[in-house]
Amino acid sequence: MSRTLQVIITTTLYVFYLIQIVFALTCHQCNNGKNEIFNGTVTADNLSPLTNCTIVKAADGQRHCALGIGWVKTERSLIHVGAAWKREDVVDADHVETVSGNLKGPVPTAAITHWLYYLCSTDECNRVDKFKLLLQSTKVEFDVDRITQLLYSPSPQNGSTLNCFFDSNATDASGAVCARPSANISECNYCSIDVKQNTFCADCFLNRNVSQYRFADIRYHLLGNRTIQQTLDIDCNLPQCNTMDYVRRVQEAYKMSFDFDMFLGSNSSVSKFISTSQMIVCSMMLIFILFGEIGA
């Protein structure tokens with residue numbers, strides 16, 4: 001490699017670094033990026049003004065702006081406004097994520113029972129005045145006590161009395177859904193069902209921690225093409241609690257819906273575009289390729 005080419009490569013990489021800094025995603029942020037906690041259930045009708053709101057540049061690795069709210073039953077609400085880190089477990093496109101379940105989420109607390117999260121990737125797209133529209137467009141209701149009654153018993157049972165459902169349509173390509181090895185049926189004390197899009201796996205397993213159950217219904221409402229991706233995970237210890245009929249009974253204990261038309265407008269479309277920073281980066285890479293070929 002010639003000296004000239006080395007200089008070109010070094011300069012290009014440095015310019016690319018500066019571009020990333022100058023044209024980093026800008027997001028609205030409130031409460032210094034920390035959760036604001038409110039008593040009771042926050043809705044579109046009683047949304048309180050948020051504090052210390054400003055505009056910030058996203059840090060390296062923060063690829064989205066976010067509006068998030070999590071509810072702890074009807075007791076407390078936690079609101080988050082700021083830049084969001086890339087999460088490997090979610091889709092990368094702009095979306096509204098609705099979740100019901102007893103698991104940790106992007107608005108972190110172990111007591112969260114359901115949450116709503118809006119992720120977008122254009123400058124200042126998480127405006128605080130959009131929060132009310134987000135809440136109006138979405139319904140997330142979760143009866144955690146009813147869910148617990150349907151999925152968990154403090155009296156452990158074994159495989160013969162659990163009578164778990166066993167079935168799967170997973171192939172080698174989608175085998176991650178069934179990654180957990182099934183236990184000997186006689187040793188099982190929990191049934192499970194994992195659904196990801198149209199792939200599912202129902203089996204049983206031995207759970208050493210018999211003081212809990214797992215339930216999570218996660219839906220990604222993709223704003224670009226107005227489609228929904230869904231995952232459903234259930235670990236339970238009541239007889240036949242992982243059959244599809246039983247799952248439908250569980251789903252009657254909560255509600256989740258999102259109105260694309262209300263949030264986006266019935267005649268709108270989310271267009272794809274190249275931002276100024278992306279155009280400059282593309283131009284610099286093109287210059288690098290051209291000079292690289294000249295200096296070769």
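Each residue takes its place number in the sequence, starting with 1.
- The nearest pair of heavy atoms linking N242 to S192 is ND2-O, 2.9 Å.
- To the nearest 0.5 angstrom, L67 atom CG is 9.0 Å from L116 atom CG.
- F165 and Y152 are assigned to two separate hydrophobic clusters, defined by single-linkage of ILVMFWY side chains at heavy-atom distances under 4.5 Å.
- Contacts classified as salt bridge (Lys or Arg N to Asp or Glu O under 4.0 Å) and involving residues 142-164 (residues at least two apart or in different chains) are given here: K73-D145.
- Scanning for salt bridge (charged side-chain N to carboxylate O under 4.0 Å, His left out) contacts around D233 gives R214, with sequence neighbours left out.
- Inter-residue side-chain proximity for N46 and F38 is flagged as unmet; no heavy-atom pair is nearer than 4.5 Å.
- A search for side chain to side chain donor-acceptor pair (under 3.5 Å) contacts involving N39 returns nothing, not counting sequence neighbours.
- For the pair L133/M262, a side-chain contact is recorded, criterion being any heavy-atom separation below 4.5 Å from C-beta on.
- Closest non-hydrogen pair, G33 versus H80, comes out as O-CE1, 3.2 Å.
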Step-by-step side-chain contact (heavy atoms from CB on, under 4.5 Å) determination, E141 to K139: CA-CA 6 Å; E141 299 176 358; K139 177 177 288 186; 3.9 Å; yes
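- Residues W115 and G70 share a closest heavy-atom pair of CB-CA, 3.7 Å.
- Linking Ile, Leu, Val, Met, Phe, Trp and Tyr residues whenever their side-chain heavy atoms come within less than 4.5 Å leaves V56 and L25 in two separate clusters.
- When all heavy atoms of L223 and H95 are compared, the closest pair comes out as CG-CA, 4.0 Å.
- Not counting sequence neighbours, F131 has no partner by the ring pair (Phe, Tyr, Trp, His ring centres under 6.0 Å) test.
- Hydrophobic clustering (ILVMFWY, side-chain heavy atoms < 4.5 Å, transitive): M244 and I147 are in one cluster.
- The side-chain heavy atoms of R226 and D261, taken from C-beta on, include a pair separated by under 4.5 Å.
- Under the side chain to side chain donor-acceptor pair (under 3.5 Å) criterion, S153 pairs with no residue at all, not counting sequence neighbours.
- In this structure the side chain of R219 never reaches within 4.5 angstrom of the side chain of T231, judged on heavy atoms.
- Applying the salt bridge (Lys or Arg N to Asp or Glu O under 4.0 Å) rule to pairs touching residues 27-53 yields nothing, sequence neighbours excluded.
- Looking only at side-chain heavy atoms (C-beta outward), T43 and L47 stay at 4.5 Å or farther from each other.
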Residue pair Q251, L232: steps toward the side-chain contact (heavy atoms from CB on, under 4.5 Å) verdict: CA-CA 10 Å; Q251 290 179 321; L232 176 68; 4.2 Å; yes
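- Atom NZ of K255 is separated from atom OG of S100 by 12.0 Å, given to the nearest 0.5 angstrom.
- Sorted pairs that involve residues 225-244 and meet ring pair (Phe, Tyr, Trp, His ring centres under 6.0 Å), not counting sequence neighbours, are lacking altogether.
- Centroid-to-centroid, the aromatic rings of F258 and F260 come within less than 6.0 Å.
- Note that the OG1 atom of T227 and the CG atom of L222 stand 4.0 Å from one another [nearest 0.5 Å].
- For D259, there are no salt bridge (charged side-chain N to carboxylate O under 4.0 Å, His left out) partners, not counting sequence neighbours.
- Residue pairs meeting the side chain to side chain donor-acceptor pair (under 3.5 Å) criterion with at least one partner in residues 124-137, sequence neighbours excluded, are Y118-K130, R127-D129.
- Applying the side chain to side chain donor-acceptor pair (under 3.5 Å) rule to Y254 yields the partners D217; only residues at least two apart in sequence or on another chain are considered.
- Once rounded to the nearest 0.5 Å, the distance linking CZ of R249 with CG of L151 reads 10.0 Å.
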Steps toward side-chain contact (heavy atoms from CB on, under 4.5 Å) verdict (L134, F263): CA-CA 6 Å; L134 179 64; F263 190 68; 3.9 Å; yes
Step-by-step disulfide (SG to SG under 2.5 Å) determination, C241 to C191: CA-CA 7 Å; C241 59; C191 304; 4.2 Å; no
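- At least one donor-acceptor pair under 3.5 Å links the side chain of W71 to the backbone N or O of V42.
- With sequence neighbours excluded, no residue forms a side chain to side chain donor-acceptor pair (under 3.5 Å) with N163.
- Residues L238 and Y246 meet the side-chain proximity criterion, which asks for heavy atoms closer than 4.5 Å.
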Stepwise side-chain contact (heavy atoms from CB on, under 4.5 Å) test for H221 and T98: CA-CA 8 Å; H221 304 82; T98 55; 3.1 Å; yes
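- Following chains of ILVMFWY side-chain contacts shorter than 4.5 Å, one can reach I228 starting from F200, so the two form part of one hydrophobic cluster.
- Sequence neighbours left out, the pairs with a member in residues 125-156 that pass disulfide (SG to SG under 2.5 Å) are C120-C125.
- Tested against I69 for a side-chain contact (heavy atoms from CB on, under 4.5 Å), the candidates I79, T41, V81 yield a single pass: I79.
- A83 and A58 make their closest contact through CB-CB, 4.0 Å (heavy atoms, listed as atom of the first residue, atom of the second, distance).
- The CG atom of D194 sits 7.5 Å away from atom CG of D203, with the distance rounded to the nearest 0.5 Å.
- Between N52 and N32, the side chains place a donor N or O and an acceptor N or O closer than 3.5 Å (distance only, hydrogens not considered).
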C204 and C164: CA distance, side-chain angles, deciding distance, disulfide (SG to SG under 2.5 Å) verdict: CA-CA 6 Å; C204 73; C164 296; 5.0 Å; no
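- Rounding to the nearest 0.5 Å gives a distance of 3.5 Å between OG1 of T26 and CG of D123.
- Linking Ile, Leu, Val, Met, Phe, Trp and Tyr residues whenever their side-chain heavy atoms come within less than 4.5 Å leaves I185 and L162 in two separate clusters.
- Taking every heavy atom of both residues into account, N169 and T199 meet most closely at OD1-CA, 3.3 Å.
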